[in-house]
Amino acid sequence: MTKTHEGYFFEDYRVGQVVRHAVPRTVGAGERALYHALYPARHALYSSDSFAQACGLSAAPLDDLIAFHTVFGKTVPDISLNARANLGYAEGRWLAPVWPGDTLTASSEVIGLKQNSNAQTGVVWVRTTGRNQRDEAVLSYVRWVMVRKRNPEAAAPEPVVPELSDAVDPRDLVVPAGLDFGSYDFDLAGEPHRLGDYAVGETIDHVDGVTVEEAEHMMATRLWQNTAKVHFDATQREDGRRLIYGGHVISMARALSFNGLANAQMIVGLNGGAHASPCFAGDTIRAWSEVLDRAETGAPGVGAIRLRLVATKERGGGLRGADGKYLPHVLLDLDYWALMPI
Amino acid sequence: MTKTHEGYFFEDYRVGQVVRHAVPRTVGAGERALYHALYPARHALYSSDSFAQACGLSAAPLDDLIAFHTVFGKTVPDISLNARANLGYAEGRWLAPVWPGDTLTASSEVIGLKQNSNAQTGVVWVRTTGRNQRDEAVLSYVRWVMVRKRNPEAAAPEPVVPELSDAVDPRDLVVPAGLDFGSYDFDLAGEPHRLGDYAVGETIDHVDGVTVEEAEHMMATRLWQNTAKVHFDATQREDGRRLIYGGHVISMARALSFNGLANAQMIVGLNGGAHASPCFAGDTIRAWSEVLDRAETGAPGVGAIRLRLVATKERGGGLRGADGKYLPHVLLDLDYWALMPI
Amino acid sequence: MTKTHEGYFFEDYRVGQVVRHAVPRTVGAGERALYHALYPARHALYSSDSFAQACGLSAAPLDDLIAFHTVFGKTVPDISLNARANLGYAEGRWLAPVWPGDTLTASSEVIGLKQNSNAQTGVVWVRTTGRNQRDEAVLSYVRWVMVRKRNPEAAAPEPVVPELSDAVDPRDLVVPAGLDFGSYDFDLAGEPHRLGDYAVGETIDHVDGVTVEEAEHMMATRLWQNTAKVHFDATQREDGRRLIYGGHVISMARALSFNGLANAQMIVGLNGGAHASPCFAGDTIRAWSEVLDRAETGAPGVGAIRLRLVATKERGGGLRGADGKYLPHVLLDLDYWALMPI
């Protein structure tokens with residue numbers, strides 16, 4: 001009997017199946033420090049207990065993307081170990097802050113299955129929920145991936161393609177209990193721009209660039225206990241390069257977006273996202289954002305801004321070519337909601 | 001008077017001498033996070049407070065090898081600064097968990113001395129004990145190293161070669177107070193295999209590989225305050241390469257062994273070990289294990305498994321050639337006891 | 001309206017102006033662990049709660065240079081984003097320990113301005129103060145930088161050149177409340193040398209060297225939220241190299257100085273400093289120190305030692321050539337006060 005885990009293949013999934021992912025994870029001050037060493041993260045609410053307390057929270061929560069990466073990492077052995085591609089995200093919502101000392105677990109429900117016409121692969125849709133040690137949901141999102149079949153001869157399941165929202169309705173965004181931007185300190189936060197200063201359609205070049213290193217992306221990816229071989233083992237690809245975890249690019253771009261979006265404090269919704277091109281060590285990641293929407297929330301002084309965050313590996317704008325495909329220098333196209341003082 | 005420490009040479013040691021090592025070290029959540037960023041560590045008992053509590057502990061202890069590396073690091077300036085080779089380990093026992101916030105100190109007793117026939121070097125055996133701030137022993141092990149003589153003319157000491165056990169008797173293994181695997185959650189731990197599922201002689205290929213980087217092994221080695229020059233200074237060797245601390249390979253291999261040994265939760269005994277070949281940045285570390293023995297402990301639901309853990313820098317099995325020497329791709333051959341649910 | 005911050009130019013500063021720097025930062029056990037992973041730091045007072053408690057403190061404070069780098073990092077967007085060179089430091093004093101959990105903010109007062117004769121740049125002198133969440137000053141120092149003019153045609157300000165002390169008067173050094181070296185444990189600290197063992201004029205070669213890596217200096221520099229582009233973006237220089245933050249060299253050299261100065265426990269004064277040459281990945285940093293002065297403090301058993309700390313990228317001594325300029329292998333020349341048992 002083999003003891004090692006080979007991961008699941010397309011024909012192993014059933015719609016309605018719930019997978020309880022392994023290895024709960026306690027996260028804390030150490031993970032936060034590493035996050036700040038690996039990314040140029042500066043959003044004040046996550047950088048400073050004092051600033052967070054002045055905004056009505058008990059302390060600085062852990063960075064919103066620490067929750068995302070940790071929950072995502074838990075799903076890899078069960079969902080994407082045999083994946084060919086990570087196809088998309090939808091309906092992501094941050095439901096409660098993660099505090100230092102919290103322990104996160106994750107589970108996923110299979111909500112869609114569709115075999116590809118080549119019969120070699122199929123698409124699996126899962127809704128993943130992360131929970132803390134009090135069994136409170138902290139994050140929920142849909143992801144779909146292309147998974148290999150173990151046996152191309154295996155019968156195709158009845159196709160089920162879930163209907164997914166194009167964007168999270170701002171009324172469904174969850175503002176952390178107590179959050180109050182009524183006496184928000186724009187000086188300490190780093191920029192004077194409030195929600196009303198951003199126009200829909202406005203684009204912001206975040207100016208800075210970071211050249212990425214093997215040691216960094218591997219440390220990040222291990223920290224989230226993400227075990228996908230291609231990130232760590234240089235012998236996995238013929239060209240001897242290690243593919244950088246897409247979430248590393250998300251965090252790098254989000255951190256770079258501080259310059260121009262310092263007040264887009266908390267990510268609360270993930271509307272969609274595409275990892276347009278692979279990223280490798282030596283690439284210099286840059287980022288720009290486009291304002292897609294603005295909304296109110298019920299919380300005092302707290303608005304929501306919908307942003308497209310684009311990471312590129314070269315200077316210059318442009319997202320898609322005349323053929324509708326992403327331009328070759330685009331690494332990431334992410335659509336999210338963040339909370340911002342009004 | 002020179003202020004810097006040149007380390008001790010073979011003729012400086014006396015059997016019975018006790019060296020109290022310098023620089024006590026408080027370890028905590030930061031060291032744990034770094035450990036998890038540097039190695040793909042996933043054993044649930046060290047990853048999650050909740051999981052550890054469900055196993056009867058007050059919280060997740062720090063990874064067993066954090067204790068080992070920290071104590072080992074303390075000994076380097078006094079024992080191995082002028083060492084030519086780290087020859088072996090024996091009679092290692094973890095005696096109490098190390099908790100975040102504990103402060104570790106270490107001392108070593110010289111238990112053996114034997115000059116080599118070339119009169120240039122000699123072998124020094126020490127029994128090292130790590131203690132916490134309550135003066136409780138947390139770890140004890142024997143190590144022997146080949147140390148240079150300052151002066152080849154110095155008289156050889158009376159040879160004293162200690163008698164060492166081939167393996168720690170399982171009755172001498174210390175199970176942490178309170179540990180109870182009676183309601184062990186195999187799903188959360190990541191694998192269904194219990195002690196009874198492992199047969200003596202069975203081998204497990206841990207499948208994954210990690211290509212190692214200079215920045216990573218230096219960060220790890222510094223974290224344990226290990227000061228051996230060859231790990232950090234590229235001018236120390238003629239080939240301009242930095243030798244990777246053998247403990248980095250131990251931790252990498254142990255973390256890789258999760259895949260197939262997810263329930264070998266806590267290392268409690270170190271029977272022996274050899275660093276068969278040097279490891280350098282760019283090498284891709286892989287690992288396989290062989291089940292050597294199984295034993296009971298008095299604790300509820302807790303058994304012990306004796307494992308050989310072999311790290312290699314190429315795929316494929318094999319340990320020793322026809323000449324009895326380690327095959328050139330073997331980096332590490334480690335023999336240890338771990339606690340596992342029965 | 002552009003949302004991104006381009007930094008200030010020479011003509012934007014006025015003598016007497018106070019800049020309140022953005023993004024307060026909570027520092028703790030995670031930052032300490034990273035500091036110890038990035039530098040071979042071993043001074044016992046910062047390594048061990050127990051040792052610090054035996055010296056009259058409540059616990060180990062965060063490393064003195066964590067306070068410096070964090071405060072320095074806060075000033076970068078406002079002071080040195082458009083700087084051509086970091087020219088000097090003076091009158092630096094550590095005023096209170098920084099404890100895990102403290103939140104640091106920083107502000108700077110412009111105390112001098114002098115346009116250079118080329119009218120392209122000018123020198124800006126600032127006195128920067130770091131404060132904790134109780135509004136207690138923890139660090140104060142003067143720094144001067146050469147800053148570009150946005151518009152070379154802009155009128156030159158009246159030159160104001162502040163008078164700065166050559167060295168902090170030892171009577172002005174602040175010894176942390178409670179510090180008592182009366183029962184100092186030299187064994188645990190790692191060396192037997194007390195203040196009286198050091199002679200003014202004595203030099204100490206710290207022996208060890210560390211070859212530095214891109215991933216390490218970027219992680220360090222990000223950890224202090226220092227955003228200067230040249231440290232991170234390989235496209236900023238024509239030679240494709242990333243310039244290493246000068247503070248990385250300071251911390252590396254200070255950590256290396258343990259070997260010979262293990263009892264120079266706490267940095268309390270910064271008399272001056274020059275980053276003589278740029279440092280790049282692949283350089284092997286070495287260090288030597290010269291004893292410049294000794295002084296008493298009012299605290300029990302606590303003396304002060306004034307040291308020149310020189311970092312080089314090659315073996316061998318020498319500081320300045322016949323022309324009075326720094327020799328090309330000199331990276332850093334730092335003049336500081338540290339507390340040492342008498």
Side-chain angles (χ1 to χ4, degrees), chain A residues 28-44 47-54 59-60 100 185-191 193 197-199 202 204-219 255 258-262 281-282 284-286 289 314-315, chain C residues 1-7 19-35 37-38 70 73-74 77-78 81 100-105 107 132-135 213-229 231-236 240-242 281:
Chain A
E31 283 72 17
R32 172 152 58 195
L34 269 160
Y35 194 86
H36 285 245
L38 292 164
Y39 309 108
R42 288 191 286 151
H43 286 91
S47 174
S48 161
D49 284 342
S50 303
F51 192 93
Q53 286 156 0
D185 188 329
F186 289 85
D187 277 0
L188 278 187
E191 291 183 349
H193 324 301
D197 297 326
Y198 291 89
E202 178 178 355
I204 301 151
D205 177 357
H206 300 302
V207 179
D208 300 313
V210 173
T211 308
V212 293
E213 297 291 317
E214 301 283 14
E216 292 170 354
H217 77 82
M218 290 199 298
M219 288 182 70
F258 177 91
N259 198 345
L261 286 166
T284 300
I285 300 179
R286 301 177 191 284
S289 293
E314 274 166 46
R315 263 178 237 276
Chain C
M1 171 191 177
T2 182
K3 293 293 195 308
T4 48
H5 177 61
E6 61 166 359
V19 184
R20 192 172 164 239
H21 304 298
V23 192
R25 171 77 162 173
T26 304
V27 286
E31 283 73 18
R32 172 151 57 193
L34 269 160
Y35 193 86
L38 291 164
T70 303
K74 306 274 124 251
D78 297 320
L81 214 57
D102 278 0
T103 299
L104 300 181
T105 55
S107 62
N132 65 22
Q133 70 280 13
R134 292 176 298 279
D135 208 36
E213 297 292 316
E214 301 282 15
E216 292 171 355
H217 77 82
M218 292 200 297
M219 288 182 69
T221 309
R222 273 191 291 255
L223 194 58
W224 324 124
Q225 299 182 315
N226 180 328
T227 59
K229 291 180 178 62
H231 306 319
F232 301 107
D233 180 348
T235 70
Q236 287 283 313
R241 298 200 292 180
R242 278 160 277 181

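The analysis underlying the following values was restricted to heavy atoms, covering all of them including side chains, and did not include hydrogens, waters or symmetry mates. Here the structure is a predicted model, which is why all the values come from computation and not from measurement. By convention in this document, chain letters (A, B, ...) are assigned in the order of the sequence lines, proteins followed by strands, and residues within each chain are numbered from 1.
Within the 4.5 Å cutoff, the side chain of C:Glu6 has no heavy atoms near those of the A:Val207 side chain.
For A:Ala60, no part sits under 4.5 Å from any heavy atom of chain C, backbone or side chain. The contact between A:Leu188 and chain C is made by backbone and side chain atoms together, counting heavy-atom distances below 4.5 Å. Using a 4.5 Å cut-off between heavy atoms, C:Arg242 touches chain A through its side chain atoms alone. Within the 4.5 angstrom heavy-atom criterion, only backbone atoms of A:Ala41 (N, CA, C, O) approach chain C. For chain C, the nearby parts of A:Leu34 are the backbone and the side chain; heavy atoms of each come within less than 4.5 Å. Interface remark: C:Pro100 contributes no atoms to any contact with chain A (heavy atom separation under 4.5 Å). For a residue to count as touching a neighbouring chain, one of its non-hydrogen atoms must lie under 4.5 Å from one of that chain's; by this rule A:Asp185 touches chain C with the side chain only. Heavy atoms of C:His21 lying under 4.5 Å from chain A belong exclusively to its backbone.
The OG1 atom of C:Thr235 lies 10.5 Å from the CD atom of A:Glu314; values are rounded to the nearest 0.5 Å. Note that the CG atom of A:Asp208 and the NZ atom of C:Lys229 stand 4.5 Å from one another [nearest 0.5 Å]. Here A:Thr284 contributes atom OG1 and C:Gln236 contributes atom CD; the two are 9.5 Å apart, rounded to the nearest 0.5 Å.
Under the side chain to side chain contact (heavy atoms under 4.5 Å, CB included) rule, A:Ser47 has a single partner from C:Thr26, C:Thr103, C:Val23, which is C:Val23. Results of the side-chain hydrogen bond (donor to acceptor under 3.5 Å, both in side chains) test with C:Lys3 over A:Glu202, A:Glu191, A:His206 single out A:Glu202 as the only residue that passes.
For the set A:Tyr35, A:Tyr39, A:Tyr198, A:Phe51, the entry with the most heavy-atom pairs within less than 4.5 Å of chain C is A:Tyr198. The most heavy-atom pairs under 4.5 Å with chain A, out of C:Glu31, C:Glu213, C:Glu216, come from C:Glu31.
The heavy-atom pair separating A:Leu38 from C:Met219 by the smallest distance is CD2-CE, 3.9 Å. The heavy-atom pair separating A:Ser50 from C:Gln133 by the smallest distance is OG-CB, 3.6 Å. Taking both residues in full, the closest heavy atoms of C:Gly30 and A:Ala33 are given as C-CB, 3.3 Å, listed atom of the first, atom of the second, then distance. Of all heavy-atom pairs between A:Ser48 and C:Pro24, the closest is CB-O, 3.2 Å.
Side-chain atoms of C:Thr227 and A:Arg42 form no donor-acceptor pair, as typed in the model, at a separation below 3.5 Å.
In this structure A:His36 satisfies the side chain to side chain donor-acceptor pair (under 3.5 Å) test together with A:Asp63, C:Arg25, sequence neighbours excluded.
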Review point. Under the side chain to side chain contact (heavy atoms under 4.5 Å, CB included) criterion, do A:Thr211 and C:Glu214 qualify, and how do the steps go?
Key: CA-CA 10 Å; A:Thr211 308; C:Glu214 301 282 15; over 6 Å; no
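Remark: the backbone N or O of C:His5 is paired with a side-chain donor or acceptor of A:Asn259 at under 3.5 angstrom.
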